[in-house]
Each structure stands twice: as C-alpha cells, then as structure tokens.
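Here's the structure, in structure tokens; my notes come after.
Note that this is a predicted model, so its numbers are computed, not measured. We count residues from 1, following the sequence as given.
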Amino acid sequence: MSKNAKIAAGGVAVGLILLIWLPWWALLIVLGVPAAAYLALDPSQRRRLRRATRKELGR
C-alpha cells in the first residue's frame, strides 16, 4: 500500500468514527466552515492556495 493510500484509509476510518460519535450538525460545521472559507476566496487566491504545498501554508 502506498503512503497516500494509507493516509486515505486512515481518513476514511476517522471519518466513520466521527460520523458515529458526533451529531450530524457538528459534522456540518466541521465540513462547512472550511468549504465556506474556500468559496469566499477570489479565483486567483484559490489558484495560489491549490499550488501551495501543506508546508508552505504554515508560513
């Protein structure tokens, strides 16, 4: 299994656990806030964000 596949499998497992533990509205908040923030960006800012690696985001 590649490193990315292991990360994806772990993400799915964590997501299923959170789906059981958290009420549905908390899941909407966890997913909705970052999605709304991303959609609030200008198209040029979205392109820059997509190009940036995760390490660069912390700068």
Are L49 and L39 connected in the hydrophobic side-chain network, where two residues link if heavy atoms are under 4.5 Å apart?
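Yes, L49 and L39 fall within the same hydrophobic cluster.
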
Does one hydrophobic cluster hold both I20 and I17, with members joined at side-chain heavy-atom distances below 4.5 Å?
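Shared cluster, yes.
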
Please list all pairs passing the side chain to side chain donor-acceptor pair (under 3.5 Å) test where one or both residues lie in residues 29-39, with sequence neighbours left out.
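Listed by first then second residue: Y38-R50.
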
Can you list the residues that meet the side-chain contact (heavy atoms from CB on, under 4.5 Å) rule with P34, with sequence neighbours excluded?
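side-chain contact (heavy atoms from CB on, under 4.5 Å) check on P34 returns nothing, list empty.
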
Taking the side chain as every heavy atom from C-beta outward, state whether L41 and R48 have any atom pair closer than 4.5 Å.
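No - every pair of side-chain heavy atoms lies 4.5 Å or more apart.
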
Residues 2-9, side-chain donor-acceptor partners within the protein, below 3.5 Å, at least two apart:
| from | atom 1 | to | atom 2 | distance (Å) |
| --- | --- | --- | --- | --- |
| S2 | OG | A5 | N | 3.3 |

